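This report refers to the structure that appears directly beneath it.
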Amino acid sequence: MAPDRVTTWGLSGLGPRNAQFLIHLAIVLLANEAQLAELRDSYGIHFLLKFFVFEKQDQPGVGDAFQTTCDATINSPVPGLPDIVGIETVDPTFTAYADLASAVSATLNAGSFDYLAKLEKRNPAAAILFRKALLPNGNLNTSIPCITRGEWGRIQIDNFNKALDYIAANIPALDITVHYFQEVLSTDFSNPKKPALLVKKVGETTRTSYNFDFVTLNNGMPLISPVSAEVAPKAYSLTPNHDTLRAYLTKCGVLCPEGYIIPGKSIAFTGAALSFYDYANLLLPFLPCFRLSDTNPAGFEIDENLAANYQGLITVISHSARRPAPPRTAPDKNWRGARPFLPTREMHAARLQSNYDHLSGAYTFLVASIARSTGKVPTQVDISKSAEQYMAAYYAENNQYLAGEHGTETDLLCTGFTAIAIGAGLEFNPKAAEDEIAKETPCTREGRIGWPFFSAAGVEITSGDMIYTNDNVEFYKVWHLLHLTYAASPVPIQQTVAALFASGIATHVTGKFKDIYISPKSDTVTIDGHEFDALLAPKLIDRDSDPVFHSLVGQVKERFPGVPDYGKGGHYQAPDGKPVHAFDGGIGGRGTTFRDEAGNEHTAGQQWNETNSYSAATTFATNHAQLVLMLSIAPAIDPEASPIETVSRLYEQILPSTKAFDKEVRRFEDTWTEMQTKLCFLRLCERLAGNDAAKYRELTDKAFTTRDRASVLATADAGAQASYNQQLQSLPDFNPPTLKQFEARFAFHTKTQLNAMLTRMFDQISSNAKDMDQDQVSAPKRSVSLCPIAEARRPTNTASPRFPSLCVF
């Protein structure tokens with residue numbers, strides 16, 4: 001049976017998001033094969049999905065982060081199987097291609113010693129990371145950071161290519177054609193139901209426009225050099241790689257014939273964020289004072305005598321005296337300090353409050369909890385320091401961590417922010433707390449703990465009038481600290497860099513990257529009169545450098561000038577609000593920033609806040625896969641409507657009633673009041689204790705009940721009592737969102753919602769088809785075909801006849 005309708009999809013980019021999406025889509029199809037077979041065999045409903053993927057590189061699934069030449073390390077665990085309902089019923093041969101953790105283990109377990117030897121030569125810090133992930137039986141523990149991004153990329157490429165072969169041979173309903181060295185330049189949404197992509201081959205000028213039924217844009221993070229066009233040719237901004245860095249340092253005259261850095265040479269770095277660690281650790285093979293160690297808990301030693309020859313070798317330049325990326329000393333979300341002040345129930349109440357800066361309040365509770373735990377008062381916690389002082393503190397805390405000690409300030413800050421980021425509280429047993437609150441929050445918490453809460457954190461506070469408030473400013477001050485801490489560097493990686501500071505090899509100065517120039521006299525990189533022999537300048541994400549994103553202006557509805565207003569599921573909307581058959585999971589959702597007259601930075605139009613995390617990419621891939629299946633089947637329900645509108649109606653149908661939602665959120669009114677009262681009490685304790693940490697601990701022991709708080713208040717002076725009572729009188733009322741307002745915070749459906757929607761869709765199609773048969777008993781069965789899933793076959797010619805001008809591979 002020849003297909004009578006093919007649904008075509010154009011994908012811009014084949015980085016981690018789209019590569020995972022295609023594999024996850026295949027799993028979703030296979031996991032739902034029984035339902036699809038019933039629709040096909042009983043009701044004549046068929047479909048075929050044809051994907052045309054445009055990738056400007058020659059490799060799938062790597063993007064910029066996982067280039068196969070990258071010698072920098074990952075800073076997160078390796079993910080396993082995706083969370084897809086029914087995945088256990090799918091051929092394990094295929095699901096293995098979605099299980100990166102198993103693939104990494106299978107690849108490296110047998111050859112771990114060879115891999116370790118390679119790392120020791122190219123990136124000794126990566127060797128330490130890998131060695132600490134080796135289990136006693138010789139297998140690799142992939143639940144912690146363990147490999148380089150290049151190794152991750154190589155395994156991911158292999159998995160994707162095998163998955164593509166399997167799909168071609170076994171899933172006739174899914175046809176995928178990849179066009180490498182093809183770059184998407186812009187979009188054309190003049191026909192919202194037939195979006196077009198303007199494409200050109202890399203290195204050529206001819207541009208061709210192609211129309212599709214749907215498109216998904218995942219163009220990756222646009223990166224630019226942090227320095228001027230004059231300085232950029234003198235800087236090293238390539239993918240971190242031992243060989244290219246060696247060649248660069250040799251060209252700059254920094255290396256001696258033996259391959260070590262010549263004493264007296266100087267190297268500048270731009271920035272002290274995570275990318276700084278990627279580059280700094282690649283210098284270790286060129287430092288004779290650095291050596292790996294089997295006896296030191298850190299895995300390395302620095303020869304102080306040799307280090308004396310390299311004092312001030314590295315100068316890190318930052319725009320301000322901001323903290324460097326901290327170490328990830330917290331192994332999980334379990335609170336390891338004294339009894340904390342922000343249980344999960346109170347954190348949830350804060351997340352329910354409308355137009356509220358929940359982060360600043362949560363940060364106050366976190367700092368107070370850390371003070372209680374470390375024998376300090378709040379003003380002594382998380383105080384601003386110089387970069388060198390931060391690094392000295394990190395170095396000491398890393399050594400405590402390596403000795404098995406927990407509960408340091410950085411440890412607790414990391415634990416707290418990790419919990420707060422995903423919508424949890426500070427708990428000794430976070431799982432038990434989550435299980436307890438889940439019983440009474442099916443409307444507001446089910447399917448949202450984790451990335452949904454994380455990515456939706458700033459939606460309300462960057463919308464409408466909240467954009468221009470001080471709450472917006474303060475929220476993002478805490479958010480930037482949270483994100484820096486949440487995405488912290490693994491201890492083995494951070495400690496090697498902290499050791500460079502501790503030994504005097506590295507130092508820090510403040511300066512603006514735009515002030516870096518090439519000296520006309522010496523032809524060397526210079527800032528503030530200081531000349532450097534080499535400059536390592538990791539690239540920066542630049543929202544304005546994405547031509548595809550710029551092409552959207554005037555074509556889509558906006559939340560704020562230049563910021564798209566996405567519909568549920570991440571689809572664009574036309575200026576009149578109607579759906580465009582185009583989806584996005586990239587930089588457009590991050591919003592934009594601007595400064596007010598006082599110089600304060602405001603953030604506007606954010607609908608999700610994470611685009612360069614692999615976990616975020618995995619979440620997008622899984623959810624988008626289920627959504628695409630529903631969009632493909634939707635015409636069987638209403639052939640005249642946009643599939644997006646049909647799916648939107650299903651979404652409305654599976655939502656809880658407003659009565660049930662309101663009843664649920666109102667249960668947290670007393671919790672909200674308790675949280676706000678406790679916040680006032682902690683301020684009172686801070687005032688009464690002054691700089692006396694022991695007294696602060698004694699007073700805050702009374703923070704947990706009304707009776708105990710009253711006993712402290714009774715002994716306070718009149719001024720403190722008056723201030724406390726005044727604060728209580730001005731507590732904000734509990735103002736939870738409506739169901740519609742709450743759902744608007746989340747640009748994407750939850751997994752729970754998607755599963756319910758797909759089930760309802762199958763039920764509706766079956767019901768409609770049965771009704772049709774009853775109305776036409778004597779008539780032949782009417783087909784509501786989309787395209788044959790069984791009869792369709794992948795074309796033998798991989799070049800689509802619709803795209804004769806494109807080179808396929």
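All of these numbers come straight from a predicted model, not from anything done at the bench.
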Would you call the rings of W608 and Y566 parallel, tilted or perpendicular, where under 30° means parallel and over 60° means perpendicular?
tilted

Could you check whether any side-chain heavy atom of V556 comes within less than 4.5 Å of a side-chain heavy atom of Q573, counting everything from C-beta outward?
no

Please list all pairs passing the salt bridge (Lys or Arg N to Asp or Glu O under 4.0 Å) test where one or both residues lie in residues 457-466, with sequence neighbours left out.
E460-R745

K431 and D435 ion-paired at < 4.0 Å:
yes

Main-chain N/O of P326 paired to Y390 side chain as donor or acceptor, under 3.5 Å
no

For residues 358-385, which residue pairs pass the salt bridge (Lys or Arg N to Asp or Glu O under 4.0 Å) check, not counting sequence neighbours?
R323-D382, R372-D701, K376-E409

Could you verify whether a donor N or O on one side chain and an acceptor N or O on the other, from Y476 and Q606, lie under 3.5 Å apart?
yes

Within a strict 4.5 Å, meaning less than it, do heavy atoms of the D83 and T622 side chains meet?
no

Please state whether the rings of F341 and F704 are parallel, tilted or perpendicular, taking 30° and 60° as the class boundaries.
parallel

Return the set of residues passing ring-ring contact (aromatic ring centres under 6.0 Å, His included) with Y614 (not counting sequence neighbours), or none when no residue passes.
F66, W152

Could you verify whether a donor N or O on one side chain and an acceptor N or O on the other, from T671 and E346, lie under 3.5 Å apart?
no

side-chain hydrogen bond (donor to acceptor under 3.5 Å, both in side chains) partners for K439, two or more places apart
E436

With distance as the sole criterion, is a donor-acceptor pair present between the side chains of Y277 and Q494 under 3.5 Å?
yes

So, T673 versus D670: side-chain donor-acceptor pair below 3.5 Å or not?
no

Tell me, with the steps shown, if I420 and M347 meet side-chain contact (heavy atoms from CB on, under 4.5 Å).
CA-CA 8 Å; I420 291 166; M347 187 67 233; 4.2 Å; yes

If you measure only the distance, is there a donor-acceptor pair under 3.5 Å linking the side chains of E743 and Q753?
yes

Report, one line per pair, each donor and acceptor closer than 3.5 Å where one atom sits in a side chain of residues 731-739; sequence neighbours left out.
{"unit_1": "T738", "atom_1": "OG1", "unit_2": "Q741", "atom_2": "N", "d": "3.1"}
{"unit_1": "T738", "atom_1": "OG1", "unit_2": "Q741", "atom_2": "OE1", "d": "3.4"}

Going by ring-ring contact (aromatic ring centres under 6.0 Å, His included), name the residues that satisfy it together with Y486, two or more places apart in sequence or in a different chain.
F454

Could you verify whether a donor N or O on one side chain and an acceptor N or O on the other, from H406 and T329, lie under 3.5 Å apart?
no

Residue list, ring-ring contact (aromatic ring centres under 6.0 Å, His included) with H480, at least two apart or on another chain:
none

Only counting residues at least two apart or in another chain, list the ones meeting side-chain hydrogen bond (donor to acceptor under 3.5 Å, both in side chains) with S76.
none

Between R448 and F742 the two heavy atoms that sit nearest each other are NE-CE2, 3.4 Å

So, E397 versus T408: side-chain donor-acceptor pair below 3.5 Å or not?
yes

Going by an N to O cut-off under 4.0 Å, is there a salt bridge joining E686 and R683?
no

Do we see a donor-acceptor contact under 3.5 Å between the side chains of Y468 and D596?
no

Working note: E434 + R445, criterion salt bridge (Lys or Arg N to Asp or Glu O under 4.0 Å); need CA distance, chi angles, decisive distance, verdict.
CA-CA 10 Å; E434 185 59 38; R445 204 163 179 86; 2.9 Å; yes

Can R595 and H602 be counted as having a side-chain donor-acceptor contact under 3.5 angstrom?
no

When you measure from the side chain of N623 to the backbone of H749, do you find a donor-acceptor pair of N or O atoms at a distance under 3.5 Å?
yes

Could you tell me whether a side-chain N or O of K568 sits under 3.5 Å from a main-chain N or O of F746, the two making a donor and an acceptor?
yes

Is it true that E664 and K659 make a salt bridge, defined as a side-chain N closer than 4.0 Å to a carboxylate O?
no

Least distance between heavy atoms, L629 atom then L25 atom:
N-CD1, 4.5 Å

Check the side chains of D411 and Y401 for a donor-acceptor pair under 3.5 angstrom, ignoring hydrogens and angles.
no

Would you name the heavy atoms of T344 and G425 that are closest together and state the gap between them?
OG1-N, 3.1 Å

Closest heavy-atom pair, T603 versus I467, reported as atoms and distance to 0.1 Å, is O-CG2, 4.1 Å

For T441 and T444, indicate whether the former's side chain and the latter's backbone hold a donor-acceptor pair under 3.5 Å.
no

Do the side chain of S373 and the main chain of A338 share a donor and acceptor less than 3.5 angstrom apart?
yes

Is the backbone N or O of A703 less than 3.5 Å from a side-chain atom of T700, with the two atoms forming a donor-acceptor pair by type?
no

Going by the rule side-chain hydrogen bond (donor to acceptor under 3.5 Å, both in side chains), which residues pair with K751 if we only count those two or more places apart in sequence or in a different chain?
none

Using modelled atom types only, decide if a donor and an acceptor are shared between the side chain of R328 and the backbone of A488 within a distance under 3.5 Å.
yes

Is the backbone of S489 close enough, under 3.5 Å, to the side chain of N75 for a donor and an acceptor to pair up by distance?
no

Salt bridge present between R336 and D332 (N-O < 4.0 angstrom)
yes

Partner residues of P340 under the side-chain contact (heavy atoms from CB on, under 4.5 Å) criterion, sequence neighbours left out
W335, S369, L426, F428

Partner set under ring-ring contact (aromatic ring centres under 6.0 Å, His included) for F21, not counting sequence neighbours:
F51, H624

Please check: side-chain N/O of E427 versus main-chain N/O of A433, any donor-acceptor pairing under 3.5 Å?
no

Salt bridge (Lys or Arg N to Asp or Glu O under 4.0 Å): which pairs involve residues 647-658, sequence neighbours left out?
D638-R649

Does a donor on one side chain sit under 3.5 Å from an acceptor on the other, for R559 and S463?
yes

